[in-house]
Amino acid sequence: MIERAISLLIISSLFFFFLLLTYYFRHFIYQFLSILVLMVLQGVLFLYLNAEFLAAVQIIVYVGAILIMFLFSLFLFPEEELKGIKTDVSRISYKTFIPIGLLVLLLVISLYRAVPENYSKQEFLSDIKVIGNFLFNEYWFLIYLLAFILSLPMVALYIFFRREDASRNN
Amino acid sequence: MLQEIINFFAKEYIFYLISGMLIFLGISLFLLRKNLLIAILALEVAFNGVNLAFATASHYLGDPKGKMVVLVTLAIAAGSFSIGLILVVNYYRLKRSLSFDELKLLGERDEE
């Protein structure tokens, strides 16, 4: 238990350090890189929750593909748009925080009421086996729905860039 | 004192704390920085905080359905992220700006 506690202490202090760096940097590329480190640390945290498959998906798919795609798309923009990003507090009124506070209150109350007094902690030795069992037996319709949702970005790409190709052909 | 710290980090509170920090980071970046690229990235960070809370609750309550929710949320977040990126790139091609202040493409016509 003490090894787990010490490693979680190190990881959470690293998390807090890079969180502060995100607020400190003014250049967007540096902010993005610190957020990238936060996502990798979150993937490490999934390992401590016995979710090896989620950790692999988080690091390989999310950090390694999606966020790196975002980093490459940042190269499309000129650097003047990305550096010198300042914080604008003046236009935020206190009314903005009312729905956020209500949401947090609702979340805390629901968490407090949802946890039973005595629950039996279960150990899942093989996370992939459990998730695969759920995916292909109980949630098969959700997988088809996800495949449909993931095809939407390709349709959006076609729609947004179709007009330019048509005008270029003319 | 040392035993209390070890007990704190050995339980699930630190995971909930980190997920709350991620959600706070996402919301504050969305509200404070008036930039469209930062806005979509901040929404992704908030999504990840919710994901971590789901995975923690799933582990400590002994129910694997929370990890299923995380998997579904990751896929949907990837799709919405790419669509948001397409919209921002097209918006920049039209307006040559990434600021929130000029975000009135549908609201008013350009004066010619």
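So that the names make sense, note that chain A is the first sequence line, chain B the second, and so on, each numbered from 1.
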Heavy-atom check, side chain of [X] versus side chain of [Y], under 4.5 Å:
{"X": "A:Leu82", "Y": "B:Leu37", "value": "yes"}
{"X": "B:Ser19", "Y": "B:Phe54", "value": "no"}
{"X": "B:Phe15", "Y": "A:Leu8", "value": "yes"}
{"X": "B:Leu41", "Y": "A:Leu67", "value": "yes"}

Report which part of [X] has an atom under 4.5 Å of a heavy atom belonging to chain A: side chain, backbone, both, or neither.
{"X": "B:Phe24", "value": "both"}
{"X": "B:Leu25", "value": "both"}
{"X": "B:Leu85", "value": "side chain"}
{"X": "B:Ile23", "value": "neither"}
{"X": "B:Met68", "value": "side chain"}
{"X": "B:Leu74", "value": "side chain"}
{"X": "B:Asn48", "value": "both"}
{"X": "B:Ile40", "value": "side chain"}
{"X": "B:Leu71", "value": "both"}

Query raised in the report: What distance do A:Leu33 atom CG and A:Leu71 atom CG have between them, rounded to the nearest 0.5 Å?
Result: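 Here the interatomic distance stands at 6.5 Å.
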Query raised in the report: Going from CG on B:Asn51 to CE on A:Met39, what distance comes out if it is rounded to the nearest 0.5 angstrom?
Result: 9.5 Å
Select one option (side chain, backbone, both, neither) describing which atoms of [X] are under 4.5 Å from chain B's heavy atoms.
{"X": "A:Met154", "answer": "neither"}
{"X": "A:Leu45", "answer": "both"}
{"X": "A:Leu74", "answer": "side chain"}
{"X": "A:Leu38", "answer": "side chain"}
{"X": "A:Thr22", "answer": "both"}
{"X": "A:Ile66", "answer": "both"}
{"X": "A:Phe16", "answer": "both"}

Using a 4.5 angstrom heavy-atom cutoff, name the option from [options] with the most pairs to chain A.
{"options": "B:Leu17, B:Asn35, B:Ile83", "value": "B:Ile83"}
{"options": "B:Ser28, B:Ala57, B:Ser97", "value": "B:Ser28"}
{"options": "B:Leu87, B:Val89, B:Leu22", "value": "B:Leu22"}
{"options": "B:Val70, B:Leu29, B:Val88", "value": "B:Val70"}

Report task. Assess the side chains of A:Gln31 and A:Tyr24: does a donor N or O sit below 3.5 Å from an acceptor N or O? Result -> no
[Y] and [X] aromatic ring geometry - parallel, tilted or perpendicular at 30°/60° bounds:
{"X": "B:Tyr92", "Y": "A:Phe77", "result": "perpendicular"}
{"X": "A:Phe28", "Y": "A:Phe70", "result": "perpendicular"}
{"X": "A:His27", "Y": "A:Tyr30", "result": "tilted"}

**Report entry** Non-neighbouring partners of B:Ile76 that pass side-chain contact (heavy atoms from CB on, under 4.5 Å), sequence neighbours left out
**Finding:** A:Leu146, A:Ile149, B:Val72
Query raised in the report: Strictly under 6.0 Å, is that where the ring centroids of B:Tyr16 and B:Tyr13 end up?
Result: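 Not under 6.0 Å, so no.
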